[in-house]
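Here is the structure we will look at.
Note on naming: letters A, B, ... go to the chains in the order of the sequence lines (proteins, then strands), and numbering restarts at 1 for each one. Worth knowing before you read on, the calculation uses all heavy atoms, side chains too, and leaves out hydrogens, waters and symmetry mates.
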2 protein chains.
Amino acid sequence: MMQSNRLLSALSRKDHRHLVAACDEVDLGVGDSLWEPNERIRHVYFPLDCTISQLLPVDSHRILEMALIGNEGMLGVPLLLGVNTSMLQALIQQSGTALRMKTTSFRRELEHLPALRQLLHQYAHVLQEQLAQSMACISRHTLDLRLARLLLMTHDRVAGLGSFHVTHEALAQTLCVRRVGVTIAAGLLQKRKLLSYSRGDITILNRAGLEKASCRCYQASNDIYERVLA
Amino acid sequence: MMQSNRLLSALSRKDHRHLVAACDEVDLGVGDSLWEPNERIRHVYFPLDCTISQLLPVDSHRILEMALIGNEGMLGVPLLLGVNTSMLQALIQQSGTALRMKTTSFRRELEHLPALRQLLHQYAHVLQEQLAQSMACISRHTLDLRLARLLLMTHDRVAGLGSFHVTHEALAQTLCVRRVGVTIAAGLLQKRKLLSYSRGDITILNRAGLEKASCRCYQASNDIYERVLA
DNA sequence: ATCAGTCTGTGCAGCAACGAACATATCGCC
DNA sequence: GGCGATATGTTCGTTGCTGCACAGACTGAT
């Protein structure tokens with residue numbers, strides 16, 4: 001398991017220790033709902049080795065993934081901005097552990113730690129630009145490119161050895177397309193020996209190849225993060 | 001012309017006067033570039049009766065509009081978050097006037113006016129949620145719905161009497177579709193007597209009808225603003 | 001060993017938007 | 001009144017995804 005959260009690790013050792021002490025470490029399973037839309041936010045989360053999907057309903061039956069948060073980020077930007085609800089739902093996409101802090105504690109820490117404020121402000125900016133990048137991607141890029149990108153992003157955010165669990169159906173939901181579309185796109189990626197899967201167990205075989213098979217948005221999104229936070 | 005900027009008007013009269021005094025009032029023409037991607041941000045803008053488009057290149061030839069800022073908003077969130085560049089380009093979409101403040105002044109005001117900080121933080125949150133809403137819209141809604149929405153948004157943000165100037169070509173660029181697509185969609189709206197246009201002069205004839213012809217995203221986007229800032 | 005549940009694969013008609021090319025219409029200007 | 005520039009309208013074949021329906025494959029529980 002990851003030692004800590006990458007965002008928090010950017011703080012001084014002292015601040016970092018202090019914050020981790022103010023958190024609980026919690027186990028989270030696939031499908032757990034951390035935030036319900038427009039309900040009061042009770043906790044912020046710093047993922048260790050889980051991934052969190054932020055989702056918005058598109059119509060009565062469909063949802064679309066707006067952001068995928070893992071070890072590199074935090075679920076909690078609205079609180080940072082002085083708003084205590086979010087229209088986005090937050091669901092666990094890959095099970096694992098996260099550091100969790102109560103809203104009240106988070107507010108207190110923000111007041112006392114200017115470095116934390118600055119860091120999270122920058123992170124909020126990164127999220128906004130990544131959202132813009134995803135918007136462009138969704139608007140113009142075909143399903144195979146977007147699927148490759150999603151798999152790469154998941155792979156980055158999951159601790160370990162290049163394999164994780166997610167079904168075509170789940171991928172289709174987060175991409176907001178038919179399951180059949182994912183099956184076909186994934187079939188092509190598998191034919192090109194970039195990955196292998198069976199019944200939801202996906203293994204990345206050729207990361208470099210998969211990056212070539214995805215759109216520039218993957219790299220662009222990483223660049224946004226590095227430019228501001230590294 | 002609009003008296004002032006709606007966002008600034010939410011401040012106390014004293015703060016409001018103080019801020020307006022720290023701004024220049026500038027005339028802006030269609031196509032003027034206020035921010036170039038990844039260049040140092042020199043000014044923030046509070047539109048009076050112009051509209052500002054925030055754009056991201058999708059590929060070498062195309063751009064996509066991420067946000068449309070008018071009297072209700074501000075161009076300058078990255079500075080608020082402590083980042084002095086933005087990957088998004090900012091172009092004037094509808095000519096008019098805006099209040100302009102230098103980066104250094106803006107930073108100073110932010111430090112001295114907690115109410116301004118809080119207000120703009122909330123605005124940053126609104127922008128983020130509106131971006132998410134637009135993402136859903138772009139992902140699943142057809143061109144006619146999106147066009148109606150764009151026209152409504154422009155109409156809201158432009159001072160005056162229900163008519164403004166924008167060609168099919170310009171609309172196509174901000175929606176990131178073919179001009180022909182806009183021509184067809186706009187033709188349908190005109191046939192339904194919701195609007196009329198000739199050579200770029202668009203007049204909204206039936207606002208209620210146009211709202212029905214657009215997707216829920218229009219109302220949702222307004223609701224986000226009202227919920228947080230009103 | 002069987003069966004119910006889950007996951008993946010295939011086929012088909014339909015539709016929105018695409019790229020490219022071309023046709024008309026309207027404006028300002030000399 | 002004629003001309004170039006700008007704006008809108010039409011057509012045609014193609015593509016990427018849709019909704020629907022169904023078939024096959026694998027897994028775990030009894």
Side-chain angles (χ1 to χ4, degrees), chain A residues 30-31 58-64 135-151 163-192 194-203 213-215, chain B residues 30-31 58-65 93 136-151 163-192 194-203 213-215 217:
Chain A
V30 176
V58 177
D59 52 44
S60 48
H61 298 299
R62 297 150 84 95
I63 52 176
L64 177 64
M135 199 158 144
C137 187
I138 285 177
S139 165
R140 310 302 315 173
H141 293 154
T142 52
L143 179 49
D144 20 335
L145 301 177
R146 287 176 59 209
L147 176 63
R149 173 155 113 93
L150 176 56
L151 293 176
S163 78
F164 48 94
H165 187 88
V166 59
T167 64
H168 290 181
E169 180 65 43
L171 291 167
Q173 277 183 27
T174 85
L175 293 168
C176 202
V177 295
R178 293 178 314 158
R179 193 225 76 216
V180 173
V182 171
T183 298
I184 292 168
L188 291 177
L189 293 177
Q190 191 172 26
K191 235 172 222 158
R192 293 163 66 186
L194 303 178
L195 52 83
S196 78
Y197 60 80
S198 79
R199 296 181 74 74
D201 292 318
I202 294 198
T203 305
S214 83
C215 50
Chain B
V30 176
V58 177
D59 51 44
S60 48
H61 298 299
R62 298 151 84 96
I63 52 177
L64 177 63
E65 181 178 273
Q93 200 74 30
C137 188
I138 285 178
S139 165
R140 311 300 314 172
H141 294 155
T142 52
L143 180 48
D144 22 336
L145 301 178
R146 288 176 57 208
L147 176 63
R149 174 156 112 93
L150 176 56
L151 293 175
S163 78
F164 48 93
H165 187 88
V166 59
T167 64
H168 290 182
E169 180 64 41
L171 291 167
Q173 275 182 29
T174 84
L175 292 168
C176 202
V177 295
R178 294 175 314 155
R179 194 226 75 219
V180 173
V182 172
T183 298
I184 292 170
L188 291 177
L189 293 177
Q190 191 171 24
K191 235 173 222 157
R192 293 163 66 185
L194 303 177
L195 52 84
S196 78
Y197 60 79
S198 78
R199 294 181 74 73
D201 293 317
I202 294 198
T203 305
S214 82
C215 49
C217 298

Sugar-phosphate atoms are those with a prime plus P, OP1 and OP2; base atoms are the rest. Using that split, label each nucleotide of nucleotides 25-30 of chain D B, S or - for protein heavy atoms under 4.0 Å, 5' to 3'.
BBS---

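Results of the side chain to side chain contact (heavy atoms under 4.5 Å, CB included) test with B:V166 over B:T174, B:D201, B:L171 single out B:L171 as the only residue that passes.
Using a 4.0 Å heavy-atom cutoff across all strands shown, A:G181 reaches no nucleic acid atom at all.
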A:V30 vs A:H165, side-chain contact (heavy atoms from CB on, under 4.5 Å): CA-CA, chis, key distance, verdict
CA-CA 10 Å; A:V30 176; A:H165 187 88; over 6 Å; no

Set out, in order, the CA-CA distance, both residues' side-chain angles and the distance that settles side-chain contact (heavy atoms from CB on, under 4.5 Å) for A:R140 and B:L64, then state yes or no.
CA-CA 9 Å; A:R140 310 302 315 173; B:L64 177 63; 5.9 Å; no

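Taking the nucleotide of DNA chain D with the nearest heavy atom to each of B:H165 and A:C176, the more 5' of the two is matched to B:H165. The residue among A:R140 and A:T167 whose nearest nucleotide of DNA chain C lies closer to the 5′ end is A:T167. If you find the closest nucleotide of DNA chain D to A:H141 and to B:D201, the one lying nearer the 5' end belongs to B:D201.
Here the side chain of B:R62 is nearest to one of C:dT8, C:dC18, C:dA17, namely C:dC18.
If you take CG of A:L145 and P of D:dT15, they are 16 Å apart, rounded to a whole angstrom. Between the P atom of C:dT8 and the CG atom of A:L189 lies a distance of 14 Å, rounded to the nearest Å. A:D144 places its CG atom 11 Å from the C1' atom of D:dC17, with the value rounded to the nearest Å. Between the CD1 atom of B:I184 and the C1' atom of D:dT8 there is a distance of 11 Å, rounded to whole Å. One can place CZ of A:R178 at 11 Å from C1' of C:dT10, the figure rounded to the nearest angstrom. C:dA17 atom C1' lies 14 Å from atom CG of B:L188, rounded to whole Å. Distance CG (A:L171) to P (D:dC17): 15 Å, rounded to an integer number of Å. For the pair B:L147 CG and C:dA17 C1', the interatomic distance rounds to 14 Å; values are reported in whole Å.
Applying the 3.5 Å distance criterion, the base of D:dG9 shares a donor-acceptor pair with the side chain of B:R179.
Each end of the helix from C:dA1-D:dT30 to C:dC30-D:dG1 gets its own axis from five base pairs, and the two axes differ in direction by 20°, given to 10 degrees.
Of all the heavy atoms in A:A213 and A:L189, the pair that sits closest is CB-CD2, 4.1 Å. When every heavy atom of B:R149 is checked against every heavy atom of B:S214, the shortest pair comes out as N-CB, 3.8 Å. Taking each heavy atom of B:S139 and A:I138 in turn, the nearest pair found is CB-CG2, 3.5 Å. In plain terms, the two heavy atoms of B:L147 and B:A185 that are nearest each other are CD2-CB, 3.8 Å. A:H141 and A:R146 get closest at one heavy-atom pair: O-CD, 3.6 Å. When all heavy atoms are compared, the tightest approach of A:V58 to A:C176 is CG2-SG, 4.2 Å.
Checking the phosphate oxygens (OP1, OP2) of C:dT26, no side-chain nitrogen or oxygen of B:Y197 falls inside 4.0 Å.
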